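From a predicted model like this one, the values you see are computed outputs, not experimental measurements. Along the sequence shown, residues carry numbers from 1.
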Amino acid sequence: QVQLVESGGGLVQPGGSLRLSCAASGNIFSINAMGWYRQAPGKQRELVAAITSGGSTNYADSLKGRFTISRDNAKNTVYLQMNSLKPEDTAVYYCNAEKVQVRSITYLEVWGQGTLVTVSS
């Protein structure tokens with residue numbers, strides 16, 4: 001069984017920063033891509049950023065320059081550095097992992113439970 005555990009969410013003032021972490025556990029041999037999605041109240045879940053095991057990144061166009069994704073393959077952990085936060089960044093942020101190899105089993109997609117980020121004064 002593979003689990004993704006997010007941390008780092010919370011309340012921050014506009015203009016502030018937060019760093020989210022997501023650690024994957026469960027006898028993992030490899031993970032192809034890891035990423036972050038978010039879902040604001042009343043809206044659909046959307047991609048924030050993703051990163052492959054080789055370090056290639058993909059960002060939502062609207063977030064480029066403010067958010068940075070990084071990854072520690074040895075720790076099976078992905079990070080999201082969020083700067084210059086705005087009230088519209090308020091959402092539940094979900095960690096995602098694609099093609100997680102655990103022994104002979106490949107989990108095509110795994111999701112974390114989500115962590116709430118609230119940007120408000």
Side-chain angles (χ1 to χ4, degrees):
Q1 190 73 11
V2 177
Q3 284 190 319
L4 301 180
V5 179
E6 300 114 330
S7 60
L11 174 64
V12 62
Q13 292 187 341
S17 298
L18 278 178
R19 188 189 194 213
L20 305 182
S21 300
C22 171
S25 62
N27 290 315
I28 295 168
F29 176 72
S30 65
I31 303 174
N32 183 27
M34 299 186 77
W36 292 94
Y37 289 71
R38 69 183 184 183
Q39 187 167 17
K43 296 187 176 182
Q44 289 188 332
R45 191 174 297 189
E46 62 177 0
L47 172 70
V48 174
I51 184 168
T52 68
S53 57
S56 296
T57 57
N58 181 35
Y59 291 92
D61 287 341
S62 61
L63 300 176
K64 288 180 181 177
R66 292 196 299 123
F67 288 15
T68 302
I69 191 169
S70 61
R71 176 173 172 174
D72 186 333
N73 289 330
K75 295 182 179 180
N76 291 321
T77 299
V78 64
Y79 307 94
L80 185 69
Q81 178 67 42
M82 304 185 292
N83 298 327
S84 303
L85 284 162
K86 306 175 181 180
E88 51 263 43
D89 294 318
T90 295
V92 177
Y93 285 70
Y94 295 92
C95 179
N96 172 272
E98 293 183 356
K99 293 184 179 179
V100 183
Q101 190 72 35
V102 178
R103 296 194 180 99
S104 62
I105 299 172
T106 301
Y107 295 85
L108 293 180
E109 194 167 50
V110 182
W111 289 92
Q113 80 285 355
T115 185
L116 178 63
V117 172
T118 303
V119 184
S120 175
S121 54

A.B. asks: Got C95 and W36 here, is their nearest side-chain heavy-atom distance under 4.5 Å?
C.D. replies: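 Touching, per the 4.5 Å side-chain cut-off.
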A.B. asks: So do the side chains of S17 and V12 get within less than 4.5 Å of each other, counting heavy atoms only?
C.D. replies: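 No; the side chains remain at least 4.5 Å from each other.
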A.B. asks: Calculate, to the nearest 0.5 Å, the distance between atoms CD and CG belonging to Q101 and N32 respectively.
C.D. replies: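 CG of N32 is found 10.5 Å from CD of Q101.
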A.B. asks: Are Y94 and L116 connected, step by step, through hydrophobic side chains (Ile, Leu, Val, Met, Phe, Trp, Tyr) whose heavy atoms are closer than 4.5 Å?
C.D. replies: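 As far as the 4.5 Å side-chain criterion goes, L116 and Y94 are connected within one cluster.
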A.B. asks: Check step by step if side chain to side chain contact (heavy atoms under 4.5 Å, CB included) holds for M82 and D89.
C.D. replies: CA-CA 9 Å; M82 304 185 292; D89 294 318; over 6 Å; no
A.B. asks: How are the rings of F67 and Y93 set to each other: parallel, tilted or perpendicular (split at 30° and 60°)?
C.D. replies: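 Taking Y93 first and then F67, their aromatic rings sit tilted (interplane angle of 30° to 60°).
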A.B. asks: Could you check whether any side-chain heavy atom of K99 comes within less than 4.5 Å of a side-chain heavy atom of S30, counting everything from C-beta outward?
C.D. replies: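 Of all side-chain heavy-atom pairs linking S30 with K99, none is under 4.5 Å.
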A.B. asks: Applying a strict under-4.5 Å side-chain criterion to I, L, V, M, F, W and Y, I'd like to know whether L47 and W111 cluster together.
C.D. replies: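 Yes; tracing contacts between hydrophobic side chains, which count when under 4.5 Å, links both residues.
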A.B. asks: Side-chain heavy atoms nearer than 4.5 Å, only ILVMFWY residues, links allowed to pass through others: does that put Y107 and L4 together?
C.D. replies: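 Same cluster.
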A.B. asks: To the nearest 0.5 Å, tell me how far L85 CG sits from R66 CZ.
C.D. replies: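 Nearest 0.5 Å value for the CG-CZ distance: 6.5 Å.
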A.B. asks: Working to the nearest 0.5 Å, report the span between CG of L63 and CD of E46.
C.D. replies: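 If I round to the nearest 0.5 Å, the distance is 7.0 Å.
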A.B. asks: Say you draw a straight line from CG of N58 to CG of D61; how long is it, rounded to the nearest 0.5 Å?
C.D. replies: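 So the gap between those two atoms works out to 8.5 Å.
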A.B. asks: Does Q113 offer a backbone N or O that forms a donor-acceptor pair with the side chain of E6 under 3.5 Å?
C.D. replies: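 Between the backbone of Q113 and the side chain of E6 there is a qualifying donor-acceptor contact (under 3.5 Å).
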A.B. asks: How many angstroms lie between atom CD of Q44 and atom CD of Q39, to the nearest 0.5 angstrom?
C.D. replies: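 Atom-to-atom, Q44:CD and Q39:CD are 8.0 Å apart.
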A.B. asks: Picking from I69, T115, V78, V48, what satisfies side-chain contact (heavy atoms from CB on, under 4.5 Å) with L20?
C.D. replies: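 Exactly one pass, corresponding to T115.
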A.B. asks: Just do the side chain to side chain contact (heavy atoms under 4.5 Å, CB included) check on R38 and V117 with the steps written out, would you?
C.D. replies: CA-CA 9 Å; R38 69 183 184 183; V117 172; over 6 Å; no
A.B. asks: To the nearest 0.5 Å, how far apart are CZ in R71 and OG1 in T57?
C.D. replies: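 Rounded to the nearest 0.5 Å, the CZ-OG1 separation comes to 12.0 Å.
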A.B. asks: With the 4.5 Å side-chain cut-off for hydrophobic clustering, are Y79 and M34 part of the same group?
C.D. replies: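 The answer is no; the residues belong to distinct hydrophobic clusters.
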A.B. asks: So, for P14 and S120, which heavy atoms are closest and what is the spacing to 0.1 Å?
C.D. replies: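 Result for this residue pair: CD-C, 3.6 Å.
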A.B. asks: With a 4.5 Å cut-off on side-chain heavy-atom distances among I, L, V, M, F, W and Y, is there a chain of contacts connecting L18 to I51?
C.D. replies: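 Yes; tracing contacts between hydrophobic side chains, which count when under 4.5 Å, links both residues.
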A.B. asks: Minimum heavy-atom separation for S53 and I31, please, with both atom names.
C.D. replies: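 Smallest heavy-atom distance, with atoms named: CB-O, 3.6 Å.
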A.B. asks: Kindly say whether T90 contributes a backbone atom to a donor-acceptor pair with the side chain of E88 at under 3.5 angstrom?
C.D. replies: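 It does not hold such a pair.
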